[in-house]
Amino acid sequence: MSNDDDQRLIGLLADMEEEAALALARQMLDSGFDPMRMLDLCRQAMTIVGARYEAEEYFLTELMLAGEMLTEISGMARPLIGERGAGGAAAHRACVVIGTVKGDLHDIGKNIVTFMLEIAGYEVVDLGVDVPAQRFLAAIDAHKPSVVALSGFLTLAFDSMKEIIEAFQEARSRDGFKIMIGGGQVDDRVREFTRADAFGRNAMDAVSLCNSWTAA
Amino acid sequence: MDKSPQELYAERQRRMQEAMAGRVPDRVPAPFFTADFHARYAGYTLAETVYDGDKLERAVEKVILDFEPDAFEQQHTRNLIGRQLDLIDYQPMEWPGSRIGADDPFQYLDREIMRADEYRELIADPSWFWLTRMLPRTAKNLEALAAFPYPPSLVYTGAAINVAAFGTEEMKRAMDTLHEAGKCALETIARERAFIQRMAGLGFPAHRGGAMLCPFDIIVDFMRGAKGGMLDMMRRPDELLAAIDMILNTFSRRAVDLFRTLPNKVVFIPLHWGIDGFMSPKQFRTFYWPQLRRMIQMVIDAGLTPMPFFEGECTSRLEIIADVPPGTCTYQFENTDLVRARAVFGNTICIRGGMSGSLLIAGSPTEVEEQVKTLVATVGKEGAFILDGSAAGIPREARPANVKAMFDAARAHGVY
């Protein structure tokens, strides 16, 4: 397989050429291409997608389609990884635990943030929706995150965020990780109310906050 | 001398109408709009106001009498619906006291109900598709409707034979369920009418007539789900556009025909998917705005007032959505920059909103009063402004003292 194919695949993925990208990925894997390297090409393509989203060239649709293509290719590549003995897991920078807080079932915003954090290189542990304090605490114990991200769309989320952050304080010192909140009508007043460390208006804010907190 | 309730009713209604027409009323109007503030304020769980009409009415009446708004939003038809939903066992929504807790709010559940390969079937015969596919998939106790006979087959001898579908026990249970749910709905509607009459007698006008969604939101919210709908813009744009057109020409037209017969002429149009960040400007101009614009025109042509509620932030769309006939529309906003909206619209569109959920929940009465003053001096400077909470009205968690401060400040500082 030539290096041309590598670049072509990255380009097709980044340009949202779904059918052509999937066909090429399949053809490359069928010809013995290293599946780990394939996943790495996907990551490179997703970095371009993220940059275009940040530049407002891409929107929610492109992120969703990128996610779909990534899932498809991972599905093709992963079973081959053990088989071909390729090694070397990608290096993760830091871990972020994320979830939509108790009482709220909305996840579109949380999913965008998760996607953008993943392509920025973070290991993201997504706890889903309607997550109570105990589940956040268990995930903090298990994953030792650098950042905990609380998402909420409804106004009831303000109280939930406050309660969850209070529970963190009761259970342990908050020194080990930073807390960011976002979603719906969350603003600086809500940050103050919940005593989170920061709030973000969008996924780019979330990535910037994590980068500023985890920079060496 | 104190004004009579009839005089107050006329005064409040005129205040709202003047603002909605883009003119300068005697003062900034402040109606009461909320999804569920009334329940907690009156000391009830949400479930109590969703299942018990007496409690709902006591709660809404308390809010109206305590805050004396210039109009109120009818709550029966959006709250007193628990029994009906239980009876049909509706799936893509949670409501208080059913599968969720007694004080958990209504929540929409994002599901794919219609598959991507079903567009053709939907477009070819939308009513049939809704009856035999959508209803059985969304309401567990209406699953038998999947076997509903094709209506045109009920003709001549077919009328005698194809009624067989109604002979099964499953269909009987579905029909009985509909009858029971229908009785509950009739009670809800009758109670709402009586309540509106009673409040009118106390001097308080009801505000809203019908409510409708724009075609794109119907497809994404209720049929394809968020992921399916978003991906359809890229994978099958032609089918999506054809379905949007079909909905505009059928569902939307029928809704407007119905709203024409209602006593209140304001049509509420909550909007979900057209916001900044969800759609590209090109997608907004292709799949969303042109059809929403046609729908708005349909409402205007029927002699009604469209009141779209632009959820989230739509600041980047202001120049596009400014294109409506002057004095015909009220735009309700959530996070959009209202000062910029005023600059773009001039007084051609009435702007509604301004009090953020975070301020009403976590702020102080003094901060609320200051915000009202600021709004009156900027967005509301030359009329065409309605003061309201911007978290779909007043959020349940708002501090009562802040809500009171908002209404008091409208009276104290909103006089033109």
Side-chain angles (χ1 to χ4, degrees), chain A residues 15-19 52-69 71 100 102-109 111-113 116 129-130 152-162 181 183-195 199 201-205, chain B residues 34-37 40 46 93-94 100-101 103-110 220 225-235 237 272-273 275-284 287 311-313 316 334-335 356-364 367 389-398:
Chain A
D15 293 343
M16 301 289 128
E17 298 287 343
E18 185 183 19
E19 278 180 37
R52 289 181 185 172
Y53 179 74
E54 208 167 331
E56 297 188 8
E57 275 174 61
Y58 280 177
F59 291 83
L60 185 55
T61 35
E62 286 84 1
L63 293 192
M64 282 183 168
L65 189 58
E68 288 285 290
M69 292 190 287
T71 308
T100 302
K102 188 176 183 307
D104 200 330
L105 307 175
H106 293 82
D107 64 0
I108 292 171
N111 293 344
I112 298 174
V113 171
M116 292 297 282
V129 299
D130 193 18
F153 176 75
L154 301 172
T155 48
L156 68 78
F158 303 170
D159 282 329
S160 288
M161 288 170 176
K162 189 166 186 271
I181 59 173
Q185 296 219 334
V186 168
D187 58 15
D188 196 50
R189 193 187 300 277
V190 179
R191 182 205 57 75
E192 206 181 309
F193 175 72
T194 59
R195 305 184 65 189
F199 81 99
R201 291 189 194 281
N202 52 44
M204 279 73 77
D205 283 358
Chain B
T34 186
D36 46 19
F37 173 84
R40 185 174 287 184
L46 289 178
M93 180 163 107
E94 301 287 13
I100 55 173
D103 222 14
D104 292 336
F106 281 94
Q107 288 200 59
Y108 154 78
L109 300 177
D110 178 32
V220 180
K227 192 163 103 179
M230 289 288 110
L231 293 175
D232 290 345
M233 284 197 283
M234 303 194 77
R235 286 176 172 165
H272 302 149
W273 287 99
I275 66 177
D276 293 355
F278 275 13
M279 280 185 168
S280 69
K282 190 176 168 213
Q283 287 167 338
F284 185 72
F287 298 99
E311 286 189 14
E313 181 165 355
S316 80
E334 201 170 72
N335 300 340
S356 74
S358 67
L359 179 57
L360 289 168
I361 293 169
S364 68
E367 288 172 300
S390 62
I394 308 288
R396 175 173 57 145
E397 301 78 10

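In what follows, chains are A, B, ... by sequence order, proteins preceding strands, each numbered from 1. These numbers were taken from a predicted model, which means no experiment stands behind them.
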**Study point:** Pairing residues for B/Glu313 by the side-chain hydrogen bond (donor to acceptor under 3.5 Å, both in side chains) criterion, not counting sequence neighbours
**Key:** B/Thr315
Point to revise | Side chain, backbone, both or neither of A/Asp104 within contact of chain B (heavy atoms, under 4.5 Å) | key: both
Review point. Looking only at heavy atoms, what is the nearest atom pair of B/Leu231 and A/Thr61, with distance?
Key: CD2-O, 4.3 Å
Check your understanding: Is it the backbone or the side chain of A/Phe153 that comes under 4.5 Å from a heavy atom of chain B, or both, or neither?
Key -> side chain
Practice item. Tell me, yes or no, whether the heavy-atom count around A/Arg52 atom CZ, taken from other residues, nucleotides or ligands under 6.0 Å, exceeds 12. Key: yes
Point to revise | Residue selection (most heavy-atom pairs with chain A, distance under 4.5 Å) from B/Arg396, B/Met233, B/Met230 | key: B/Met230
Review point. Side chains of B/Arg235 and A/Leu65: does their closest heavy-atom pair fall under 4.5 Å?
Key: yes
Review point. For the candidates B/Lys282, B/Glu367, B/Glu311, which exhibits the highest count of non-hydrogen atom pairs separated by less than 4.5 Å from chain A?
Key: B/Glu367
Study note, to complete from the structure: Okay, A/Leu154 and chain B: the region with an atom under 4.5 Å from a heavy atom over there is side chain
Study note, to complete from the structure: Output for pair (B/Met234 CE, A/Met16 CE), nearest 0.5 Å, gives 6.0 Å
Practice item. Among the options B/Pro105, B/Gly363, B/Gly277, pick out the one with the most heavy-atom pairs lying under 4.5 Å from chain A. Key: B/Gly277
Check your understanding: How many angstroms lie between atom CG of A/Leu156 and atom CG of B/Asp36, to the nearest 0.5 angstrom?
Key -> 8.5 Å
Point to revise | Rounded distance (nearest 0.5 Å) linking atom OG of B/Ser280 with atom CD of A/Glu56 | key: 11.0 Å
Exercise for review: Could you look at B/Leu359 and say if it's the side chain, the backbone, both or neither that has a heavy atom under 4.5 Å from chain A?
Suggested key: both
Exercise for review: Please name all residues satisfying side-chain hydrogen bond (donor to acceptor under 3.5 Å, both in side chains) with B/Glu94, sequence neighbours left out, ordered by chain then number.
Suggested key: B/Arg99
Exercise for review: Measure across B/Phe278 and A/Phe59 and return the closest heavy-atom pair with its distance rounded to 0.1 Å.
Suggested key: O-CB, 3.9 Å
**Study point:** Minimal non-hydrogen separation, B/Asn335 against A/Gly184, with atom names
**Key:** ND2-O, 3.3 Å
Review point. Do the side chains of B/Ser358 and A/Phe158 get nearer than 4.5 Å, heavy atoms only?
Key: yes
Review point. Just by distance, do the side chain of A/Gln185 and the backbone of B/Ser390 share a donor-acceptor pair under 3.5 Å?
Key: yes
Practice item. Could you tell me whether a side-chain N or O of B/Gln107 sits under 3.5 Å from a main-chain N or O of A/Gly103, the two making a donor and an acceptor? Key: yes
Point to revise | Part of A/Glu18 lying under 4.5 Å from any heavy atom of chain B | key: side chain
Exercise for review: Over all heavy atoms of both residues, which pair between B/Lys227 and A/Met64 is shortest? Give the atoms and the distance, please.
Suggested key: CA-SD, 3.8 Å
Study note, to complete from the structure: dist B/Ile100:CD1 -> A/Leu105:CG (nearest 0.5 Å) comes out at 7.0 Å
